[in-house]
Asker: 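There's a structure below that I have some questions on.
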Amino acid sequence: MKPPSRPGTVLLTDYAWPDDSVERSVIEGAGHTLVTGPADPASAEAIEELVAEHRPAGILTCWAPVSATAIGTSPDLRIVARLGVGLDNIAVDAATDRGVWVTNVPDYCVEEVSDHAVGMVLAWTRGLAVSDREVRAGRWDPAGARLRRLSTLTCGVVGYGRIGRATVRKLGAFGCRILAHDPYPPKDAPGVEMVGLEELLRRSDVVILHVPLTPGTHHVIGAEQLALMPPGGLLVNVSRGGLVDTDAVVKALDGGHLDGAAFDVLETEPHVPAGLLDQPGALLTPHIAFSSDASVTELRRRAAEEVVRILAGEAPAHACNTPGQPAGDRR
C-alpha cells in the first residue's frame with residue numbers, strides 16, 4: 001500500500017439519484033473535496049476533460065466511461081471506485097498498469113436484482129403486464145388468458161454467483177425445476193442441477209442471465225442460442241444489455257419461437273429499438289433492477305468509503321485488480 005495522502009479531490013463522474021449528499025458526507029467528512037460531474041453519464045471525452053481540470057486522487061463512477069486516457073491524466077489518482085458491480089465502463093488494465101486501485105460493491109443489490117428477475121418471470125407466467133394493458137384498453141377477456149403454472153416449468157439460470165444463487169433460492173419456493181450454468185460450478189448446489197450452457201438452453205422454458213459483460217460474454221445469447229430453447233419460452237436479462245443480440249430476440253419474438261423477453265438492460269440504452277417496443281411479448285424496465293431505497297443508499301456509502309480507505313493508505317474491501325501487476329500475470 002502507498003502511504004496516506006494529504007487531503008485531495010474526489011471526482012464523482014455521474015449519479016443515478018437526485019443528489020450527491022451521501023457521497024459528499026463520506027468524502028468531505030474524511031477531509032477531502034468532492035467535485036461532481038453531470039448527473040447523466042457524459043462522454044469519455046467529457047470525463048477526460050473533468051479529470052484534467054481537477055486532477056482527482058479518487059474517481060467515483062456510476063455509468064460514465066473512465067477511459068485509459070482519463071486514468072493517465074491525473075498524476076495523483078489512487079482509486080477508481082465503481083458505484084455498482086460491473087466494470088465494463090472502466091479501463092481496468094490501464095488502472096492496473098498505473099498502480100491505481102479499481103473497486104466495486106459486489107453485493108449491495110443481490111436481493112433487489114434477484115427479486116426483479118423473479119418478478120419478471122411471474123409477470124410472464126401470470127400475464128400481469130399484458131392483462132393490465134388489455135384492461136386499460138377496454139378489453140375484459142378472462143377467457144383469452146394464456147397463463148402458465150410456474151411449478152411445471154424448467155428455469156435455467158446462467159451465472160451462479162451471488163445473485164444467481166439468490167434467484168435460484170427464490171424460484172425454488174415455487175416448485176419449478178431449476179438448472180444453472182457457471183464456468184466455475186460449485187461442488188455442492190442444493191436444489192439445482194449444474195449443466196452446460198447448451199443443455200440449459202435446450203431444457204429451459206425460462207432462461208435468466210446473471211453474468212457480467214466481458215469480451216467472452218458479449219452476445220452470449222444470439223440467434224443460435226435462442227434456436228436451442230424450446231418454443232414459447234421466456235428470456236430474462238437483468239445483467240448487461242450487451243449479453244444479448246437484441247435483433248435476434250426481436251426476430252425470435254416475431255417468428256413466435258420466443259414468447260417473451262423481459263429486459264431491464266439494453267445494449268443501446270437509453271435508446272430502445274423500435275422493433276422491441278413493437279413486441280407485445282416484451283417487458284421492459286429502465287435499468288432499475290438494482291434499485292431500492294436501501295440498496296442505493298448502501299451502494300453510495302460503501303463506494304465512497306472505499307475511496308476514503310485508499311486515500312488513508314488502507315486496503316480496499318473489494319479490490320477488482322492488483323495495482324502494478326504485470327500484464328502476463330492477469331487472468
Side-chain angles (χ1 to χ4, degrees), residues 85-88 104 106-125 148-245 248-249 252 257-265 289-290 318 320 331:
V85 181
L87 303 174
D88 44 290
N104 68 353
D107 54 355
Y108 78 98
C109 61
V110 169
E111 298 304 326
E112 284 79 6
V113 177
S114 56
D115 283 353
H116 208 85
V118 173
M120 284 177 151
V121 174
L122 290 172
W124 177 69
T125 58
R148 301 160 181 84
R149 179 180 288 181
L150 181 52
S151 64
T152 67
L153 302 181
T154 297
C155 295
V157 177
V158 183
Y160 196 64
R162 293 180 181 89
I163 298 174
R165 291 193 297 272
T167 295
V168 165
R169 169 172 52 83
K170 292 168 185 178
L171 286 173
F174 293 95
C176 54
R177 180 182 294 106
I178 304 174
L179 310 178
H181 168 72
D182 195 277
Y184 305 102
K187 293 181 180 179
D188 185 31
V192 60
E193 182 182 352
M194 302 299 299
V195 297
L197 180 58
E198 284 196 9
E199 182 178 350
L200 181 147
L201 293 169
R202 292 183 189 278
R203 294 172 55 189
S204 297
D205 304 293
V206 174
V207 173
I208 303 170
L209 302 180
H210 284 313
V211 293
L213 179 61
T214 67
T217 61
H218 181 255
H219 285 189
V220 68
I221 301 296
E224 181 180 346
Q225 290 74 30
L226 292 169
L228 295 175
M229 291 179 63
L234 169 71
L235 176 66
V236 178
N237 186 11
V238 290
S239 294
R240 283 292 185 270
L243 298 173
V244 174
D245 182 342
V249 169
H257 183 73
L258 198 63
D259 183 74
F263 292 165
D264 182 58
V265 289
F290 71 93
H318 295 290
C320 299
R331 293 188 176 216

Asker: For A252, give me all partners under side chain to side chain contact (heavy atoms under 4.5 Å, CB included), at least two apart in sequence or on another chain.
Answerer: L226, L258
Asker: Could you give the side-chain donor-acceptor pairs of residues 185-200 under 3.5 Å, partners two or more places apart or in another chain?
Answerer:
unit_1	atom_1	unit_2	atom_2	d
E193	OE1	R203	NH2	3.1
E193	OE2	R203	NH1	3.2
E199	OE2	R203	NH1	2.6

Asker: If you define the side chain from C-beta out and look only at heavy atoms, does anything of W124 sit under 4.5 Å from V206?
Answerer: yes
Asker: Rounded to the nearest 0.5 Å, how far apart are CD of E111 and NE2 of H116?
Answerer: 15.0 Å
Asker: Filter on salt bridge (Lys or Arg N to Asp or Glu O under 4.0 Å), then keep only pairs touching residues 214-234, sequence neighbours left out; what's left?
Answerer: none
Asker: Just checking, any donor-acceptor pair under 3.5 angstrom between side chains of R148 and T125?
Answerer: no
Asker: Rounded to the nearest 0.5 Å, how far does CZ of R202 lie from CG of L179?
Answerer: 13.5 Å
Asker: Which heavy-atom pair separates A248 from G222 by the least distance, and what is that distance?
Answerer: CB-C, 3.9 Å
Asker: Quick one: are F174 and L122 in side-chain contact, heavy atoms under 4.5 Å?
Answerer: yes
Asker: Between M120 and D264, is there a side-chain heavy-atom distance shorter than 4.5 Å?
Answerer: yes
Asker: Work out which heavy atom in M229 is nearest to a heavy atom in H257; give both atom names and the distance.
Answerer: O-NE2, 2.8 Å
Asker: Look at the side chain of D205 and the backbone N and O of L153, then say whether any donor-acceptor pair between them is shorter than 3.5 Å.
Answerer: no
Asker: Looking only at non-hydrogen atoms, find the nearest pair between D259 and G232 and report the distance.
Answerer: CB-O, 3.4 Å
Asker: Check H218 against L213 and note the closest heavy-atom contact, atom names and distance.
Answerer: CA-CD1, 3.9 Å
Asker: Could you work out, with side chain to side chain contact (heavy atoms under 4.5 Å, CB included) as the rule, every residue matching R165, not counting sequence neighbours?
Answerer: Y160, R162
Asker: Between C155 and L150, is there a side-chain heavy-atom distance shorter than 4.5 Å?
Answerer: yes
Asker: Could you give me the CA-CA distance, side-chain angles and deciding distance for K170 and D115, then say whether side-chain contact (heavy atoms from CB on, under 4.5 Å) is met?
Answerer: CA-CA 8 Å; K170 292 168 185 178; D115 283 353; 2.6 Å; yes
Asker: Donor-acceptor check, side chain of S204 to backbone of L201, threshold 3.5 angstrom: yes or no?
Answerer: no
Asker: Among all residues two or more places apart in sequence or in another chain, which pass the side chain to side chain contact (heavy atoms under 4.5 Å, CB included) test with V244?
Answerer: L209, I221, L235, N237, V249, F263
Asker: Minimum heavy-atom separation for A262 and L234, please, with both atom names.
Answerer: N-CD1, 4.0 Å
Asker: Please check this pair: side chain of T214 against backbone of T217, looking for a donor-acceptor N/O pair closer than 3.5 Å.
Answerer: yes
Asker: Taking side chain to side chain contact (heavy atoms under 4.5 Å, CB included) as the test, write out the residues that go with H210, two or more places apart.
Answerer: V113, A117, V157, I163, T167, I208, V238, S239
